[in-house]
Q: 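Have a look at this one before I ask anything.
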Amino acid sequence: MRQAERIACITCVNDERMYEEAVLYLRRLSLPEAMELELIPVRGASSMASGYNSAMRRSTAKYKVYLHQDVFVLHKAAFLDLLRIFQADEKVGLIGLTGCKILPDNGIWWGARERRGLVYQALQMESLDRYDFGAVAGPYEQVAAVDGFFLATQYDLAWREDLFTDWHFYDISASLEFARKGYQVIVPHCEDAWCVHSCGFKELGAAYHGQRRRFLRAYGAFG
Amino acid sequence: MVKVSACVIVKDEELHIERWLDNMRKITKDLIVVDTGSADRTVELAKAGGARVFHFDWIDDFAAAKNFAIEQAKGDWIVFLDADEYFTDASLKNVRKYIEQYHRNPKADALVCKIINVDADAENELINEFYNLRMFRNVPWLRYKNKVHEMLTKANGAIQLMILDTGVEIYHTGYTKSIIRQKLERNLALLQKDIAEVGEQARHYRYLCDCYYGLDQYDLALKYARLHVASGQRSLGRDNSVKKRLIECLDLTGASEAEFLAEIDRQIAAYPDDPEFLWYKAEYLARNERYAEAEAYFAQLLSLAAQQKKDFDLSTFEGRRARIYLRLAQIAHKKGDLAVAEASFQEVVRCGKYKEQNFQGWYRLLRQKDAVEIIQALQTVYDKTERDLLFVYKMLQAFPRSKVHVYYQRLLKETFGIQVVTSAAADLLGAGQYAKAAAVLAEAVQEAYAQLLLCAAAGKAARDAAAMLLPKRYANALDALRGEPRALQPEEKALCTAVEKRMLACRGDLAAPLRALRAKYLQARQRAAQAVKPASQSASGLLRFLAPCAEPLRILALHCGETTLLTLRSLCPRAALATAEASGLEQEQAASYDRIVLGGKLNDYDMLPTLLRGAYDLLKADGFLLFSVDNAAHWETLRWLLQGGQGQTRLKARPERAALFDFATLAGLLRDAKFSDVEVDPEEDEAQAEAQALLKKLQDAGLLAEARHFYTRCWHVRVGKMSEATRALQRLLSPQDRRELVFLLRRIENDIDASDNSARLLRFCEEKAVEAPYLAALIENSMLQKTKLFVALGGFFYEQGKREWAIRLLIAALKWHAQESAFICALALMLDANGARQGALKVLAQFKGADAAVERLRGELTS
């Protein structure tokens, strides 16, 4: 039985110290009365999609936030804002914080001309950069795909662990899966970025492009 | 590439030879093992290990064997370790480097490195260490001499040694007890096996004696020594050793004196020329206060040594030489024959000239003499090298000051520029200039009285303490100062006037002179304790740059920039700060300053050394000189300053200049100076490349802490762009530490247990030596609400009593936040609270806009 008064934060963890720090931030976020927060770290997952699936099946919470272990949520009203959007419109299935209006042919969302959302990224430990992809008009805007560092859902759709055996494209795939089921994928309006993403700087290697090709084959013209 | 050969001479070294081969193989392929008759597997192992193995008949001559090994070597250089010695892993990579380096230097014949006696049983615990020659050029004129205690000599002059102070260490495990025991136990087992097969025979006795002796079983050793002697067995050349064992065992097993002495006499009769038996006898007599007889035996020993008879065992004698002369000196002293005592003691000192007790024993005898004679005598043993001069001067500190002290002090200064700290009065006293000494002391006493008077005038508690000590006329002056009617003598009036003037000068703070007096006293005591300070010690003893000080100092700032001035004002709020751009220093002007700061705006570098020296000489004895200049061309001056031991120096060097100096000097200097005194400023891209190179050298040399410190110091942040320096720094702080630091800051910024985490941050920074400028840059680059964080942290540090930290942090951030009123106000308030109102106003003046809060604060501070 899915519980509407529960919100689960699901995170794949391979760096305990980082996750410990991220939890400090999650625990201080505001929750509506009678709402319970459940923290679900997934350790030893073989891929992001498989990790998320196992946690998703384990949790009875209606609302789930899937976030990376290196995301510190600064915006104290983040849960309140998410719930308000979900509860106001049941067509909204997936909320991300950055994304694109139209997914480019190559599948790389940030290559899109029209992007939305805002995040602080720490590409180096000692620096912080504000990535402002584009202002959201109104309370939220529908987009084609959202980035996976922070995803919130109110319906459980299986993550495509059959396709994405690594750590990439599970997010873009989820965006398309929600759309296929008729749900909206949106980016909310934010005064300031909700999160600091201490992602570090990584070259997108062969793994990324392998998963990208797999994504392109599976989703064709993004249908 | 220089070719290197590794040589070793061995006998029964199967325990060690493989390690030696492994070790040397990392340096060269040309391995030469000269075997002098091993009975174990040494030769087999050496051959298997790829060495060229030669046999050399043992002729009781270490030098001959070693020279034979040299003849076999093909390399340009020879590395000649003992079989039980090896280079540590860290040293291996440097060995070739040094050889390559010194190969190019025609002046270098041989390299001396540190040898550490370690106990291999106790995880290589250090037993002791010494330096010895282990590497040298393979040239025909370098060969060993002396049968025992062989030493390398040069056929055509003095051998030129280079000391490898750092980077090369050799471990020597020969003193490891278990290794000795192991050998003995193995021998004993072999003997017992033989005995089991053929029965105990006379030929076994002396070997059994040796084994039991070495294994501390003296009763058994004694038994077999006796059996050997009784058996009439003889072994060529080694005959006496069993008899010596016999005598030692008698001593160790507590035999009666009669028995002991009878045995010695018997052996002397049998071997009248053997030094060992004579030594036993002489030492026995001396111990029993039979000096006249003892003296005769000692004299006989010496004359035998002088004759150098063929059978005479020189090595035994050499081992006892110091002891023999010490006994002779004692005996002569007892007889009242001071000349002989002194001459004998001189020989003792020759045997170990850096042994404190040797020097002091000798000097006690010498002291009776005239200074010139003493110096002449000392110079027969001690040379005018830095080491010798420093040693003598240090030793002299145990004796009352005399002209000898003054002589050595001057010699140290003139020859090596080593300034020995003493008081002027003590110098004059030592030189016998009593009238001048009296004048200097009188001045000091008057000054002390004047300050005491000043304290007494300040309050009742001080008065009670001081009144007893003051002479009458000061007491009269004191009464007058307290307002009691007194008819004063003219000089008493003058005293009153002087004190009143001083009171004016000190304004409210009359306790300050007392504190200054105490500080001076402590400082003087400290100096007395370490009158001689070799460069490394003196440099490490330097106080930190710009140490905060609440005293009303007089500071002269020459050629200083605004930041330096502001920092000075902030950290020394009560200081009277005079600034100047003068190209020279007036004597009267400079002599009264407590600190002189030479800033980076000085452009005329040619005059800098003169200026520095001048400033240094002019400075009050307890003053500090801060030296900050953008040009390291005055390396020599800096060295001189550091070695001088008094000044506090700060080098701000552009690294491209620093690179002109040899790295060893730089690294050594930087290490000595603990790095906090040295700042390298790589603002330009080229300079950064140089700095990178320097950093790499530091890393390669294993000076990681210094390297980190170095980059912490020179990190110039460019917001939004990661500079080379930043990346270098990131490599130097561990990723975990970097992350923890960012985590802590981010928690404080987001108000997650802010005060706990601020305290944690402070501890972290102190533990990891993260300095304020780095922290400031980190906040600037990686935090969202910088101003808020700076103000909050500054406030927290300040409240926690870490005022220096707080001020440094905010001043470091000033360049980014000078136009933010909250920041500016916080810094200004902090400076003002710390007593630096002028600094506070200067900070406020940097704010260009219009802001009510800033205006209000400005008004408050000016009123």
Side-chain angles (χ1 to χ4, degrees), chain A residues 9 11 13-31 37 39 67-79 97-98 117-132 149-150 190-203, chain B residues 708 711-712 715-754 756-757 760-761 764-765 768 770-771 773-786 788-789 812 816:
Chain A
C9 287
T11 310
V13 178
N14 67 355
D15 179 343
E16 294 297 334
R17 180 69 193 86
M18 186 66 96
Y19 181 62
E20 183 192 329
E21 195 70 16
V23 165
L24 275 185
Y25 289 81
L26 291 175
R27 288 208 183 280
R28 68 191 266 281
L29 301 184
S30 308
L31 280 173
L37 178 66
L39 296 176
L67 74 171
H68 291 181
Q69 63 186 359
D70 53 5
V71 169
F72 301 164
V73 183
L74 306 180
H75 179 52
K76 281 195 185 172
F79 290 153
L97 295 180
T98 59
L118 188 58
V119 68
Y120 289 112
Q121 302 236 44
L123 292 181
Q124 308 256 4
M125 197 73 70
E126 286 89 348
S127 71
L128 201 60
D129 295 301
R130 189 174 196 263
Y131 280 76
D132 188 348
F149 71 88
F150 182 105
C190 307
E191 283 301 319
D192 196 359
W194 286 12
C195 304
V196 168
H197 186 198
S198 312
C199 53
F201 182 79
K202 289 187 280 286
E203 292 284 337
Chain B
R708 194 175 70 223
Y711 253 105
T712 310
W715 194 32
H716 277 245
V717 158
R718 300 173 192 178
V719 178
K721 180 185 170 191
M722 298 308 263
S723 66
E724 277 303 310
T726 313
R727 286 198 202 104
L729 182 60
Q730 290 170 346
R731 285 199 297 275
L732 293 166
L733 266 180
S734 76
Q736 289 81 2
D737 284 347
R738 286 165 49 207
R739 196 158 89 169
E740 288 304 322
L741 203 51
V742 172
F743 283 177
L744 281 173
L745 285 172
R746 192 149 284 146
R747 285 188 210 169
I748 299 164
E749 183 184 39
N750 286 290
D751 212 12
I752 301 178
D753 299 331
D756 281 358
N757 284 312
R760 220 167 277 156
L761 175 78
F764 183 94
C765 290
K768 304 281 179 186
V770 175
E771 301 193 3
Y774 175 68
L775 190 62
L778 187 61
I779 292 172
E780 192 60 26
N781 258 8
S782 63
M783 293 297 131
L784 294 168
Q785 303 175 55
K786 306 171 183 45
K788 183 184 141 198
L789 198 50
W816 301 303

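What's counted below: heavy atoms across the whole structure, side chains too, no hydrogens, waters or symmetry copies. Sequence lines set the chain letters: A, B, ... in the order given, protein chains first and strands last, and positions in each chain run from 1.
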Q: Between Arg130(A) and chain B, with a heavy-atom cut-off of 4.5 Å, which part of the residue counts as in contact: side chain, backbone, both or neither?
A: neither

Q: Tell me, for Gln736(B) versus chain A, whether the close heavy atoms (under 4.5 Å) come from the side chain, the backbone, both or neither.
A: neither

Q: Using side-chain heavy atoms (C-beta onward) and a distance below 4.5 Å, is Phe743(B) in contact with Leu24(A)?
A: no

Q: Would you call Asp15(A) and Arg739(B) a salt bridge, using N to O less than 4.0 angstrom?
A: yes

Q: Can you tell which of Phe72(A), Tyr25(A), Tyr120(A) has the highest number of heavy-atom pairs within less than 4.5 Å of chain B?
A: Tyr25(A)

Q: Are Tyr131(A) and Thr98(A) side-chain neighbours, meaning at least one heavy-atom pair lies under 4.5 Å?
A: no

Q: Mind checking whether His197(A) and Asp70(A) have side chains closer than 4.5 Å, heavy atoms only?
A: yes

